[in-house]
There are 2 protein chains.
Amino acid sequence: MSGKKIKTMEELSQLSGISRPTLSKYFQDPKSVRESTKERVETALEEYDYRPNIFAVNQNRKLTRTIGILVPYLADPFFAEIVRMIERQCIDAGYWPIVFSAHGEKEMENNALSTLESLRPAGALVAPLGRGSDIDVVQRFADAVPTVVFDSNVPVGQAFVGSDNFQSIPLIVDYLCRTGEPPCFFEMPPVNPNANKRREAYCLAMERLGHDPMVIQVAGSDWGFERIGLEEGVRLIDSRGLPSNTVLCSNDRLAIGLLAAAYEKGLRVGHGPGCAMRIAGHDDHPWAQFTCPPLTTVSQDYKAIARRSLSVLFDIIKGENVPDEREETLFEGKLVLRASA
Amino acid sequence: MSGKKIKTMEELSQLSGISRPTLSKYFQDPKSVRESTKERVETALEEYDYRPNIFAVNQNRKLTRTIGILVPYLADPFFAEIVRMIERQCIDAGYWPIVFSAHGEKEMENNALSTLESLRPAGALVAPLGRGSDIDVVQRFADAVPTVVFDSNVPVGQAFVGSDNFQSIPLIVDYLCRTGEPPCFFEMPPVNPNANKRREAYCLAMERLGHDPMVIQVAGSDWGFERIGLEEGVRLIDSRGLPSNTVLCSNDRLAIGLLAAAYEKGLRVGHGPGCAMRIAGHDDHPWAQFTCPPLTTVSQDYKAIARRSLSVLFDIIKGENVPDEREETLFEGKLVLRASA
DNA sequence: CAACAAATTTTTCGCGCGTAAAATTTAGAG
DNA sequence: CTCTAAATTTTACGCGCGAAAAATTTGTTG
């Protein structure tokens with residue numbers, strides 16, 4: 001193998017004796033050419049270092065094999081983890097994933113959407129900011145690109161995949177009520193629909209059990225949940241503002257902050273004897289198992305969400321099993337019992 | 001504004017009465033055309049919805065305005081955070097950042113490098129896997145693309161930007177020795193050069209203070225540091241294998257795991273009375289301030305690293321201030337004193 | 001060996017834009 | 001109003017490849 005760098009398909013064609021259009025077919029789908037030809041191409045490829053020019057390919061193809069992925073905040077472990085899974089599955093499926101993050105800001109989300117659209121992707125997986133999104137912009141994007149929305153269910157795109165808050169929240173509310181004082185609900189900033197749904201689900205679950213809902217709203221509208229949990233937590237503990245010694249946080253990051261607040265205030269957290277309060281979260285973030293104490297929470301099925309989002313998207317791209325209406329897939333959460341509640 | 005979608009520059013040229021080459025100039029640099037023309041273009045742009053075709057642009061430009069960013073593990077908060085800053089600064093500088101993650105795997109790193117190279121980026125910021133990298137592959141990449149290496153100093157590329165482990169580690173070793181029992185060193189899996197440098201720096205610092213270094217090596221070679229910290233920590237505590245009640249972890253994620261281990265074993269962590277052990281980390285990860293107890297650590301200057309990496313890269317791209325030899329910039333760490341040590 | 005379909009090659013065109021050179025217009029100074 | 005340099009337009013070409021149609025070769029079947 002000379003490893004000689006080849007720049008164009010034309011060159012490779014001359015050097016290998018295979019016609020350029022045939023090479024073109026090969027690179028679009030190796031199985032589309034005769035087996036013997038496939039081998040000849042691959043022999044040539046071992047000899048020479050060549051990759052089709054991405055730009056030329058994408059300019060001419062009617063449909064690219066790019067999959068756009070947009071998340072609201074990539075530094076959030078939930079999204080980091082789910083993007084990791086999506087990327088891997090994209091590659092395995094022969095697509096080219098390209099990741100954007102809105103960094104929590106509307107303007108950047110719009111930018112990313114605009115850039116993404118100009119990439120003419122085969123499809124897109126979008127977790128919108130939610131309340132912070134320009135719905136019209138997301139809508140226009142989804143009109144132009146086959147789009148599956150995940151995590152944050154804004155009514156856009158051909159399908160939605162996410163968690164069933166109305167199943168998962170009651171699950172943990174039931175557990176907490178059964179094992180101790182009914183929980184109050186420590187709400188995350190309402191950055192997206194999940195925030196509101198979780199609150200509603202909490203209230204419903206509490207009422208169904210005959211308890212009065214106790215919702216604690218927090219100031220702030222950004223994605224620094226831990227900080228909010230810590231600062232608000234300290235304030236609440238100092239002012240004795242917690243209506244219950246059991247706190248259900250609307251996500252794990254908030255719970256991590258509250259855990260830190262309790263620690264700072266010398267409150268022992270857990271369900272054992274000598275514990276002053278119980279704290280539970282939601283999502284089973286990658287780090288929830290490493291908090292002190294380890295966090296009791298409800299898991300979201302990351303892998304299932306990633307897998308399902310992509311398979312629905314691929315179906316839409318291929319025109320298979322395309323439902324008439326917007327399809328919503330909700331995965332159930334599972335109770336993850338640890339020491340914190 | 002009609003918002004009519006325009007597909008080609010040709011169309012826009014006809015509709016606006018401005019010649020296509022002039023439009024082309026405008027899109028490459030708005031300031032390169034006469035002020036009055038600039039305004040005419042911008043008026044037309046308000047009227048019509050048009051963006052130059054990315055693929056056509058990049059195919060023809062000698063140099064793209066793409067900046068490739070490759071990190072070993074995007075789900076690591078350190079990288080998530082630094083990527084966030086780099087992305088933002090790229091955009092502000094008029095470049096187009098595109099992020100890749102190796103997900104901790106050599107094969108994916110090579111893939112990303114290959115894809116990135118075929119994107120013909122103006123330059124790249126690469127944090128290699130380190131020990132897990134195919135140095136030859138990274139080398140070949142750096143030969144083809146102006147490359148600044150950060151975080152993990154493999155001897156490749158035109159420049160390196162990172163932290164000065166030989167300054168930061170002694171800083172915290174001194175502190176720990178001054179305020180209590182000299183620390184043992186809980187080593188991260190040697191995934192990259194930082195791992196070894198930190199161990200060396202620790203040993204040197206201890207010897208300088210007249211103490212015997214105590215290094216604890218751990219099994220494992222993956223990026224799940226918290227898990228390793230937890231599992232190894234539990235094992236060490238159970239077997240009384242910790243040679244000191246003060247443990248310096250080679251990074252915060254490991255420390256977070258060890259903190260969880262101590263909690264599980266009922267060991268109180270901190271420097272106050274009644275504390276059984278002290279734990280310190282390195283990096284000042286975004287979540288280090290929310291652990292229980294909050295983690296004493298040495299900060300890496302994320303923003304400075306991001307800023308410097310980019311400015312060096314831009315200089316190289318523009319051909320300004322290009323040093324003759326590979327240039328290394330090391331930032332100093334700062335002691336971040338919290339409750340854990 | 002004839003016959004036929006599949007695979008391949010040949011030929012030709014087009015994608016949307018960058019770029020260079022030559023021709024023309026514009027703006028500002030005198 | 002004239003002159004000159006800068007800006008702009010015109011013209012022409014090329015980038016590397018996808019795609020379609022027609023011509024040719026290949027492999028398989030009877």
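Basis for what follows: all heavy atoms, side chains included, without hydrogens, waters or symmetry-related copies. By convention in this document, chain letters (A, B, ...) are assigned in the order of the sequence lines, proteins followed by strands, and residues within each chain are numbered from 1.
Once rounded to the nearest 0.5 Å, the distance linking CZ of Arg61(A) with CZ of Arg120(A) reads 10.0 Å.
We find that CD1 of Ile18(A) is positioned 14 Å from P of dT26(D), with the value rounded to whole Å. A straight line from CG of Leu23(A) to P of dG16(D) spans 15 Å, rounded to a whole angstrom. Rounded to an integer number of Å, the gap from CG of Asn58(B) to P of dC17(D) is 15 Å. One atom, CD of Glu35(A), and another, P of dT28(D), lie 12 Å apart when rounded to the nearest Å. Atoms CZ (Phe55(B)) and P (dG18(C)) sit 15 Å apart, rounded to a whole Å. Whole-Å rounding puts the Glu10(B) CD to dG18(C) P distance at 12 Å. Separating the NZ atom of Lys38(B) from the P atom of dA6(D) is a distance of 21 Å, rounded to the nearest angstrom. Between the C1' atom of dG18(C) and the CG atom of Asn53(A) lies a distance of 14 Å, rounded to the nearest Å.
Residue contacts for Tyr26(A): at a heavy-atom cut-off of 4.0 Å it reaches no nucleic acid atom on any strand shown. Nucleic acid contact for Lys25(A): none, since no nucleic acid atom lies under 4.0 Å from a heavy atom of the residue.
Residue Gln59(A) places none of its side-chain N or O atoms closer than 4.0 Å to OP1 or OP2 of dC15(D). In this structure, Lys62(A) reaches the dA20(D) phosphate: one of its side-chain N or O atoms is under 4.0 Å from OP1 or OP2. Note on Arg34(A): every side-chain N or O is 4.0 Å or more away from OP1 and OP2 of dT26(D). Between Thr22(A) and dT9(C) there is a side-chain N or O to OP1 or OP2 distance below 4.0 Å. The shortest distance between the side-chain N/O atoms of Thr37(A) and the OP1/OP2 oxygens of dA7(C) is not below 4.0 Å. One finds a side-chain N or O of Ser24(A) lying less than 4.0 angstrom from the OP1 or OP2 phosphate oxygen of dG18(D).
Enclosure of atom CD in Glu107(B) is not indicated, since only 12 or fewer non-hydrogen atoms of other residues, nucleotides or ligands lie within 6.0 angstrom.
One N or O donor and one acceptor, one from the side chain of Arg20(A) and one from the base of dG18(D), sit under 3.5 Å apart.
Aromatic ring centres of Phe78(A) and Tyr302(A): separated by under 6.0 Å.
Nearest to the side chain of Thr8(B), among dC17(D), dG16(C), dT19(C), sits dG16(C). Nearest nucleotide to the side chain of Pro21(B), out of dT9(D), dT10(D), dT9(C): dT10(D).
Ranked by how close their nearest DNA chain D nucleotide is to the 5' end, Val33(B) and Ala56(B) are led by Val33(B). Place Leu63(A) and Lys7(A) on DNA chain D by their nearest nucleotides, and Lys7(A) ends up nearer the 5' end.
Between Lys106(A) and Glu109(A), no side-chain nitrogen of the basic residue sits less than 4.0 Å from a carboxylate oxygen of the acidic one, so the salt-bridge criterion is not met.
By the 30° and 60° cut-offs, the orientation of the rings of Trp96(A) relative to Phe100(B) is tilted.
The shortest side-chain heavy-atom distance between Tyr73(A) and Arg84(B) falls under the 4.5 Å cut-off.
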